[in-house]
Student: 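I am attaching a structure below and will ask some questions about it afterwards.
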Amino acid sequence: MSAVIPAIVAPSATEPLVTGTIERRDVGPSDVRIDIRWAGICHSDIHTVQGDWGPQPFPLTVGHEIVGTVAEIGSDVTRFAVGDRVGVGCLVNSCGECANCLAGEQQYCLNGAIGTYAAEDVDGTITQGGYSTSVVVTERFVLRVPEAIPFEKAAPLLCAGITTYSPLRHWNADHGTRVAVIGLGGLGHMAVKIAHAMGAEVTVLSRSLVKKDDALELGADHYFATEDPQTLRDLRGSFDLIINSVSASIDVDAYLKLLALDGTLVNVGAPSEPMPVRAGTLIGGRRSFAGSNIGGIAETQEMLDFCAEHGIAPEVEITTADQVNEAWARVLASDVRYRFVIDIDTLTA
Ligand code: NAP
Ligand code: ZN
């Protein structure tokens, strides 16, 4: 038996989102049922529904920035109790046995991690995401949300937070590291906050000057508008690490030239179009062009605890279930400051 619950549903790649219902499985021995309280809107939700990454199994409910409270636990669950504040990010399962899973890097599961939505679950059903009132998840993929993080701000940490924390840690952003962040959206603004908390010297590269005051308040030390062609000339060789969080294809080769010797540009933005890179640009400064996908489950918990310890929380705009199409339009226009979070209490079937 399963439960039918209210959800925001994408009927197809071209129609607006509508309120409807989805099914959730009953709680198995290792499962936790979470009553969802807040759900973040990630640009990946929009890429997915719009077909930027290929055809999708419609009707589909997206959302992989989920926080809520534990409503029910299975008989074998040991780490959570009813009432706990918890979160779920982009993954709900993985094989648990491959080298990458054993290394705690479930996001790189060699047998294919199971995404929170649009993925085939172990029972053959299609996973449905967090724009809904509850979710059932195996306890290994449930995170603890520290009390110090305001609940309505916590959800974006489960994707935007970990996706920026993980490369900043992996490439050792630290005191004195010169970090640049391209694009000041949901991911970009978290990259600024987290890199600043790690002690890095942070530069924001946004298209215009519109977000300058915000960026400096978020913790950036410097800010440049990339619509000014002089910016890319002046900043050549300036950074040890660049995080590209742009949702569209940009001239990444031009940005690689901003790296100092041995610097790395990490792409977390996931446009569908290719981004050409000249060998000479990499060779010229022993530069690296890299990518990074969210983070592992243990690292996600580490990030949540880091944010609690450093008083870091996303800047959010709260939206209601009936305003989600408008919120998506504003994300597409780069007009969100800096992450929309859906108040799931406004969602009724
Ligand atoms: P977002 O809030 O829409 O932010 C993207 C930012 O990119 C915008 O704020 C804008 O910054 C800049 N931008 C947008 N269109 C642009 C264009 N045509 N040219 C130049 N700059 C442009 O999106 P998000 O939720 O942060 O997600 C960003 C990207 O990361 C998406 O592609 C998403 O799918 C991907 N993502 C990847 C992972 C991963 O694991 N790797 C995880 C989550 C999301 P300015 O206004 O400052 O210029
Ligand atoms: Zn996301």
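We count ligands from 1, going down the list as the structure has it; atoms in each ligand are counted the same way.
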Student: Are the side chains of M303 and L157 in touch, meaning some heavy atoms are under 4.5 Å apart?
Tutor: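 Contact flag for M303/L157 side chains = yes.
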Student: Which residue supplies the protein heavy atom nearest to atom 2 (O) of ligand 1, what is that atom called, and how far is it?
Tutor: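 Atom 2 (O) of ligand 1 sits closest to the protein heavy atom G186 N, 2.9 Å.
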Student: Are D262 and R287 close enough for a salt bridge, meaning some N to O gap below 4.0 Å?
Tutor: no
Student: Under 3.5 Å between any N/O of A270 and any N/O of ligand 1: does that happen in this structure?
Tutor: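 Yes; the residue has a nitrogen or oxygen that sits under 3.5 Å from a nitrogen or oxygen of the ligand.
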Student: Considering only protein heavy atoms, which is closest to atom 15 (N) of ligand 1, and at what distance to one decimal place?
Tutor: R207 NH1, 3.7 Å
Student: With a 3.5 Å cut-off and no angle check, do the side chains of S30 and E139 form a donor-acceptor pair?
Tutor: no
Student: Is the closest N or O pair between V336 and ligand 1 shorter than 3.5 Å?
Tutor: no
Student: I'd like to know if R24 pairs up with D26 as an ion pair, taking the criterion as any Lys NZ or Arg NE/NH1/NH2 lying under 4.0 Å from an Asp or Glu carboxylate oxygen.
Tutor: no
Student: Just need the protein heavy atom nearest to atom 33 (C) of ligand 1, so name the residue and atom and give the distance.
Tutor: S44 OG, 3.4 Å
Student: If we only count heavy atoms from C-beta on, is the N93 to V137 side-chain gap below 4.5 Å?
Tutor: no
Student: Identify the protein heavy atom lying closest to atom 4 (O) of ligand 1, giving its residue, its atom name and the separation to 0.1 Å.
Tutor: G185 CA, 3.3 Å
Student: Could you list the atoms of ligand 1 found under 4.0 angstrom from a heavy atom of W53?
Tutor: 34 (O)
Student: Contact between V268 and I243 at the side-chain level, heavy atoms closer than 4.5 Å - yes or no?
Tutor: yes
Student: Side-chain contact, heavy-atom cut-off 4.5 Å: T127 with I114?
Tutor: yes
Student: Could you identify the single nearest non-hydrogen protein atom to atom 1 (P) of ligand 1 and state the distance to 0.1 Å?
Tutor: H43 ND1, 3.7 Å
Student: Closer than 4.0 angstrom, basic N to acidic O: yes or no for D121 and R25?
Tutor: yes
Student: Distance under 4.0 Å to a non-hydrogen atom of G183: what atoms of ligand 1 satisfy this?
Tutor: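 That gives atoms 11 (O), 47 (O) of ligand 1.
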Student: Under 4.0 Å from any heavy atom of S334, which atoms of ligand 1 are there?
Tutor: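 Matching atoms, with element in brackets: 8 (C), 9 (O), 10 (C), 14 (C), 46 (O).
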Student: By residue and atom, what protein N/O/S atoms are less than 2.8 Å from the Zn ion (ligand 2)?
Tutor: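 You should have found C42 SG, H64 NE2, C159 SG.
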Student: Whether R37 engages the ring of F151 as a cation-pi pair (distance to the six-membered ring centre under 6.0 angstrom, angle to the ring normal within 45°) should be assessed.
Tutor: no
Student: Taking heavy atoms and a distance under 4.0 Å, where does S245 meet ligand 1: side chain, backbone, both or neither?
Tutor: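 The part of S245 near ligand 1 is the backbone, not the side chain.
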Student: Check the angle between the aromatic planes of H189 and Y338 and answer parallel, tilted or perpendicular using the 30° and 60° thresholds.
Tutor: parallel
Student: Using heavy atoms and a 4.0 Å limit, tell me yes or no: is A160 in contact with ligand 1?
Tutor: no
Student: Hey, is ligand 1 close enough to H47 that some N/O pair sits below 3.5 Å?
Tutor: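 There is such a contact, yes.
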Student: Looking at ligand 1, does F340 have a heavy atom less than 4.0 Å from it?
Tutor: no
Student: Any atoms of ligand 1 less than 4.0 Å from a non-hydrogen atom of G269? List them with their elements.
Tutor: 29 (C), 30 (O), 32 (O), 35 (C)
Student: A quick test of your reading: do over 12 heavy atoms of other residues, nucleotides or ligands sit less than 6.0 Å from CZ of R286?
Tutor: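 No.
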Student: If the threshold is 4.0 Å, N to carboxylate O, is there a salt bridge linking E317 and R339?
Tutor: no
Student: Measuring only between side-chain heavy atoms, which start at C-beta, is F141 closer than 4.5 Å to Q106?
Tutor: yes
Student: Please list the nearest protein heavy atom to atom 43 (C) of ligand 1 with its residue and the distance rounded to 0.1 Å.
Tutor: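 Minimum-distance protein heavy atom for atom 43 (C) of ligand 1 reads C159 SG, 3.3 Å.
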Student: Would a hydrophobic clustering, with Ile, Leu, Val, Met, Phe, Trp and Tyr connected at side-chain separations under 4.5 Å, put L332 with V341?
Tutor: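 Yes; tracing contacts between hydrophobic side chains, which count when under 4.5 Å, links both residues.
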Student: Taking N or O atoms only and a 3.5 Å limit, does I294 qualify as a polar contact for ligand 1?
Tutor: yes
Student: Within the 4.5 Å heavy-atom criterion, are K257 and L232 side-chain neighbours or not?
Tutor: no
Student: Starting from atom 35 (C) of ligand 1, locate the nearest protein heavy atom and write down its residue, its atom name and how far away it is, to 0.1 Å.
Tutor: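 Looking only at protein heavy atoms, the one closest to atom 35 (C) of ligand 1 is V268 O, 3.5 Å.
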Student: With a 4.0 Å heavy-atom cut-off (strictly under), which part of N293 contacts ligand 1: side chain, backbone, both or neither?
Tutor: both
Student: T19 versus D322: any side-chain heavy-atom pair under 4.5 Å?
Tutor: no
Student: Check for me whether R339 has a heavy atom closer than 4.0 Å to any atom of ligand 1.
Tutor: yes
Student: Around atom 11 (O) of ligand 1, find the nearest protein heavy atom and jot down its residue, atom name and distance.
Tutor: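 In this structure, atom 11 (O) of ligand 1 has L184 N, 3.3 Å as its nearest protein heavy atom.
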Student: Same cluster or not: L205 versus L184, using hydrophobic residues (I, L, V, M, F, W, Y) connected whenever any side-chain heavy atoms lie under 4.5 Å apart?
Tutor: no
Student: Could you check which of I162, V246, V331 puts a non-hydrogen atom nearest to atom 7 (O) of ligand 1?
Tutor: V246
